[in-house]
2 protein chains.
Amino acid sequence: MTQPRTRIQQKNITTILDAALEVFSQYGYRGSTLDQIALASGLSKPNLLYYFPSKDAIHIALLSSLMDTWLDPLRAMDSKGDPKQEILSYMHRKLEMSRDYPRESRLFANEIIQGAPRIKETINGELKELVDAKAKVIQNWISEGKIANVNPHHLIFSIWSLTQHYADFDVQVRSVLAGKEDDPYPEAKAYLDLLFTKLLTP
Amino acid sequence: MTQPRTRIQQKNITTILDAALEVFSQYGYRGSTLDQIALASGLSKPNLLYYFPSKDAIHIALLSSLMDTWLDPLRAMDSKGDPKQEILSYMHRKLEMSRDYPRESRLFANEIIQGAPRIKETINGELKELVDAKAKVIQNWISEGKIANVNPHHLIFSIWSLTQHYADFDVQVRSVLAGKEDDPYPEAKAYLDLLFTKLLTP
DNA sequence: GTCTATATTAAGATAGAC
DNA sequence: GTCTATCTTAATATAGAC
């Protein structure tokens, strides 16, 4: 789908991808059907297959179109900024993404839990290189005594897991907090702020 | 399957559940087929359905037989023990479960991400009650000044997310650590020990 | 570009012999 | 209890009219 598109094509493709995100993120790839995506998009099933050659193609298009956005917050971590603030800001952005884009988070979670069959190359390549580069930045901050000495890779994993948990395990979080917090995010932010502040203070 | 069983029945049921765990944890419920489970168990497809009435029944039997084991570490948290040590021990046991039972972790993760259709009652009931009870224990420790003032529910969420991440996102963790750590767990343990020690110290 | 109708295959489940 | 063969349904994908 790299050809130039008319307005109606563009609009339908966007509609399909949004419907597919809704469905795939909730039921996983195999658990989702073209009928569900057709229903969610308001288009007919054969019409989906006019825009995409197959169900798989829709899924792949979704994953790759979202991968960049997903990694943007980590890319934004600036080696020239204030170390503790840069890491906290990265955590905040990730937490906001869980809150504002939970479907995207669950789409990736489903994919990775099931062995990342469709995005393994990206993980082994682009993602690993980005993480390694940022881990070096963090290691430099540690060497300069700006933050406490923690394993940079595991620090990044912990930011991922702590923030994505609120999107991926949303049902469980809300069940457990029922009657206490209607919106888990304000408390999550306060808790994670404290956690990372204490962790990173030398 | 509450009737008394012969030895051969018992053995086959165990074999089926183990094969089902292998398959369901990797592909999710809908992504798994009875053919795959039959192949993994060494039994024929109709034979699976001699022991269980349906695919769904196998999945439900798996989930409920594992739920208890899954919550045991939290149950073991002792209000009369040393507060910081009890919480650290809980985290350690959860990390060991990720390392030793990653399939179980992914089975639950798949289920919860997709909205927990089959275990919502348990989450709203048994799980919530257990967490609320343990949150009270933690709150008492805080009131007594034994540990720092952190939100008990979010503390428990953070233990879940940080430890289960190593099982659920195993593929990603290992890809990112390729060439650095063959086994992520020793570094994970050291990192999480530091994290929770700093967090909980008043 | 969009639809109805349909071909094709995969997967859950059952029948019935042994 | 276990198997081969088969029924049935659901789901991907295509054909062909408009």
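Naming: A, B, ... by sequence-line order, numbering from 1 per chain. Just so it is clear, the values below take in all heavy atoms, side chains as well, and ignore hydrogens, waters and symmetry mates.
- Partners of B/K198 according to the side-chain hydrogen bond (donor to acceptor under 3.5 Å, both in side chains) rule, which considers only residues two or more places apart in sequence or in another chain, do not exist here.
- Remark: A/R30 in residues 18-33 of chain A come within less than 4.0 Å of DNA chain C through at least one heavy atom.
- Annotation: salt bridge (Lys or Arg N to Asp or Glu O under 4.0 Å) contacts involving residues 60-74 of chain A, sequence neighbours excluded, comprise A/D68-A/R75, A/D72-A/R75.
- At a non-hydrogen distance threshold of 4.0 Å, nothing from residues 54-66 of chain B comes into contact with DNA chain D.
- One interatomic measurement links the two molecules: CD of B/Q36 to P of C/dA10, which rounds to 13 Å at whole-angstrom precision.
- In terms of the side-chain hydrogen bond (donor to acceptor under 3.5 Å, both in side chains) criterion, residue partners of A/Q10 (sequence neighbours excluded) are, by chain and number, A/R5.
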Please tabulate, for side-chain N and O atoms in residues 37-47 of chain A, each donor-acceptor pair with protein atoms closer than 3.5 Å (sequence neighbours left out).
{"unit_1": "A/S41", "atom_1": "OG", "unit_2": "A/I37", "atom_2": "O", "d": "3.0"}
{"unit_1": "A/S41", "atom_1": "OG", "unit_2": "A/A38", "atom_2": "O", "d": "3.0"}
{"unit_1": "A/S41", "atom_1": "OG", "unit_2": "A/L43", "atom_2": "N", "d": "3.2"}
{"unit_1": "A/S44", "atom_1": "OG", "unit_2": "A/N47", "atom_2": "N", "d": "3.3"}
{"unit_1": "A/K45", "atom_1": "NZ", "unit_2": "A/D35", "atom_2": "OD2", "d": "3.4"}

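- Taking the 5' to 3' direction, DNA chain D first and last meets chain A under 4.0 angstrom from a heavy atom at D/dA11 to D/dT14.
- Partners of B/R174 under the side-chain hydrogen bond (donor to acceptor under 3.5 Å, both in side chains) rule, at least two apart in sequence or in another chain, are B/D170.
- Backbone-only engagement by B/L34 is indicated by non-hydrogen atom pairs under 4.0 Å involving sugar-phosphate atoms exclusively.
- Within the structure, every pair that satisfies the ring pair (Phe, Tyr, Trp, His ring centres under 6.0 Å) test and touches residues 59-86 of chain B, not counting sequence neighbours, is listed here: B/F24-B/H59, B/Y29-B/H59, B/W70-B/F108.
- Positionally, the nearest nucleotide of DNA chain C for A/S44 lies more toward the 5' end than for the other of B/K45 and A/S44.
- For A/H154, the ring-ring contact (aromatic ring centres under 6.0 Å, His included) partners are A/F157, B/Y166, not counting sequence neighbours.
- When the C1' atom of C/dG12 is taken as reference, atom CG of B/D35 falls 9 Å away, rounded to whole Å.
- For the residue pair B/N110 and B/Q26, no side-chain donor N or O sits within less than 3.5 Å of a side-chain acceptor on the partner.
- Salt bridge present: B/D132 and A/K180 bring a charged side-chain N and a carboxylate O closer than 4.0 Å.
- Applying the side-chain hydrogen bond (donor to acceptor under 3.5 Å, both in side chains) rule to B/S25 yields no partners; only residues at least two apart in sequence or on another chain are considered.
- Spacing between atom CZ of B/F52 and atom P of C/dG12 amounts to 15 Å, rounded to whole angstrom units.
- Residue pairs meeting the ring pair (Phe, Tyr, Trp, His ring centres under 6.0 Å) criterion with at least one partner in residues 85-104 of chain B, sequence neighbours excluded, are absent.
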